[in-house]
Amino acid sequence: RFQIQRGKTDPTGYKSLGDCFRTIFQREGLLGFYKGIFPPILAETPKRAVKFFTFEQYKKLLGYASLSPGLAFAAAGLGSGLTEAVVVNPFEVVKVTLQTNRNAFTEQPSSFVQARQIIKTDGLGFQGLNKGLTATLGRHGVFNMVYFGFYFNVKNILPVNKDPNLEFLRKFGIGLVSGTIASIINIPFDVAKSRIQGPQPVPGEIKYRTCFKTMATVYKEEG
């Protein structure tokens, strides 16, 4: 919800994270927090399978190139993220459409009905079920590039602990830092994706059309 807000002038905007939670709970009930949960659940298994399978395949292919291990891991992560994005994007379009529906949870259409409506109205292309694909490619590509590149490089630098508890903390800490850094770097793509896939400010007019133009517009208008 925060990502689709259009600055302080948005009449439906939330004042803070706490205000967002309170407003959703008051207007839409507890289930309002779980809108759009079904598409990510459906996408999770193929998403993970594609991410890790393609990462290993890209890593093998890049092994034939004269790249340093660090660069190879980052490039394999980028490739796996781009491939993952193609699989995930239609689910993201349905999810964002459901999440931006401010009616009560019981009043909104199901995921399948929403998907059929999107296909019927706008088709399967870049205005329909694959809207915002470029931004999704950026989001997943950048995240996986930074995550895998940072994780495997730092993991190889920090010595392995013989104590299993300390070894768990080592891997957990590296994963936590990797995910945090990757999220900070890729969030502009995520905001652009949500603006493109979410409702436009003026019905019938498309303000947020492409990834980088959307980023430029958000930066110009909102900083």
Item checked: Single-linkage hydrophobic cluster Val94~Ile119, side-chain heavy atoms < 4.5 angstrom -> yes

Check: How far apart are the closest heavy atoms of Ile118 and Leu129, and which atoms are they?
Finding: CG2-N, 3.8 Å

Next item on the list: Compare every heavy atom of Ser80 with every heavy atom of Phe148, then report the nearest pair and how far apart it is.
Entry: CE1-OG, 4.0 Å

Next item on the list: Determine whether the side chains of Gln117 and Thr121 contain a donor N or O and an acceptor N or O closer than 3.5 Å.
Entry: yes

Next item on the list: Would you indicate whether the side-chain heavy atoms of Phe73 and Phe55 approach each other to under 4.5 Å?
Entry: yes

Notebook entry, point to check: Which heavy-atom pair separates Ala72 from Leu62 by the least distance, and what is that distance?
Noted result: O-CD1, 3.4 Å

Note to self: Tell me if a side-chain donor or acceptor on Asn186 pairs with a main-chain N or O of His140 at a distance below 3.5 Å.
What the structure shows: no

Notebook entry, point to check: Are the side chain of Arg139 and the backbone N or O of Lys193 linked by a donor-acceptor pair below 3.5 Å?
Noted result: no

Margin query: Working to the nearest 0.5 angstrom, can you tell me the gap between Gln108 CD and Gln99 CD?
Written below: 9.0 Å

Margin query: Pair Arg116, Val113 - check side-chain contact (heavy atoms from CB on, under 4.5 Å), show working.
Written below: CA-CA 5 Å; Arg116 283 199 300 268; Val113 170; 3.4 Å; yes

Check: Shortest non-hydrogen contact from Pro39 to Gly36?
Finding: CD-O, 3.5 Å

Next item on the list: Enter the distance from Lys155:NZ to Lys171:NZ here, rounded to the nearest 0.5 Å.
Entry: 6.0 Å

Check: Are the charged groups of Glu44 and Arg48 less than 4.0 angstrom apart, N to O?
Finding: yes

Next item on the list: Any chance you could measure Ile196, atom CD1, to Thr136, atom OG1, to the nearest 0.5 Å?
Entry: 8.0 Å

Margin query: Nearest 0.5 Å, please: how far is CD1 in Ile187 from OG in Ser194?
Written below: 8.0 Å

Notebook entry, point to check: Within a strict 4.5 Å, meaning less than it, do heavy atoms of the Phe38 and Phe112 side chains meet?
Noted result: yes

Margin query: Is there a path of hydrophobic side-chain contacts, each under 4.5 Å between heavy atoms of I/L/V/M/F/W/Y residues, joining Ile185 to Val177?
Written below: yes

Check: Taking Lys35 for the side chain and Asn101 for the main chain, is one N or O donor matched with an acceptor at less than 3.5 Å?
Finding: yes

Note to self: I'd like to know if Leu133 and Leu78 are part of one continuous hydrophobic network [Ile/Leu/Val/Met/Phe/Trp/Tyr, side-chain heavy atoms within less than 4.5 Å].
What the structure shows: yes

Note to self: Less than 4.0 angstrom from a charged side-chain N to a carboxylate O is my criterion; do Glu222 and Arg195 meet it?
What the structure shows: yes

Margin query: On a heavy-atom basis, which atom in Asp122 and which in Gln127 lie closest, and how many Å separate them?
Written below: CB-O, 3.2 Å

Note to self: Count I, L, V, M, F, W, Y as connected when their side-chain heavy atoms are under 4.5 Å apart, and connections chain through other members. Are Phe52 and Tyr151 then in the same cluster?
What the structure shows: yes

Check: Under 3.5 Å, is there a donor-acceptor pair between the side chain of Asn130 and the main chain of Leu124?
Finding: yes

Next item on the list: May I ask you to test the Arg22-Phe25 pair for a side-chain heavy-atom distance under 4.5 Å?
Entry: no

Check: Is Gln200 reaching over with its side chain to a backbone N or O of Tyr208, donor-acceptor style, under 3.5 angstrom?
Finding: yes

Checklist line | Enclosure of Tyr34 OH (heavy-atom neighbours >12, cutoff 6.0 Å) | finding: no

Margin query: Between Val88 and Tyr147, is there shared hydrophobic-cluster membership here, with clusters defined by ILVMFWY side-chain heavy atoms closer than 4.5 Å?
Written below: no

Item checked: Phe152 six-ring centre to Lys59 NZ/CZ under 6.0 Å and within 45° of normal -> yes

Checklist line | Side chain Thr23, main chain Cys20, donor-acceptor under 3.5 Å | finding: no

Checklist line | Flag, side chain of Glu84 to backbone of Val50, donor-acceptor distance under 3.5 Å | finding: no

Next item on the list: Can you measure from CD (Gln197) to CD (Glu92) and round to the nearest 0.5 angstrom?
Entry: 6.0 Å

Note to self: If you apply the rule side-chain contact (heavy atoms from CB on, under 4.5 Å), what do you find for Lys47 with Val87, and how did you get there?
What the structure shows: CA-CA 7 Å; Lys47 168 186 169 183; Val87 176; 5.6 Å; no

Next item on the list: Mind checking the CG-CE spacing from Leu71 to Met145? Nearest 0.5 Å is all I need.
Entry: 10.0 Å

Check: Hey, is the main chain of Asp163 close enough, under 3.5 Å, to the side chain of Asn161 for a donor-acceptor pair?
Finding: no

Next item on the list: Could you tell me which non-hydrogen atom of Cys211 sits nearest to which non-hydrogen atom of Ala192, and how far apart they are?
Entry: O-CB, 3.9 Å

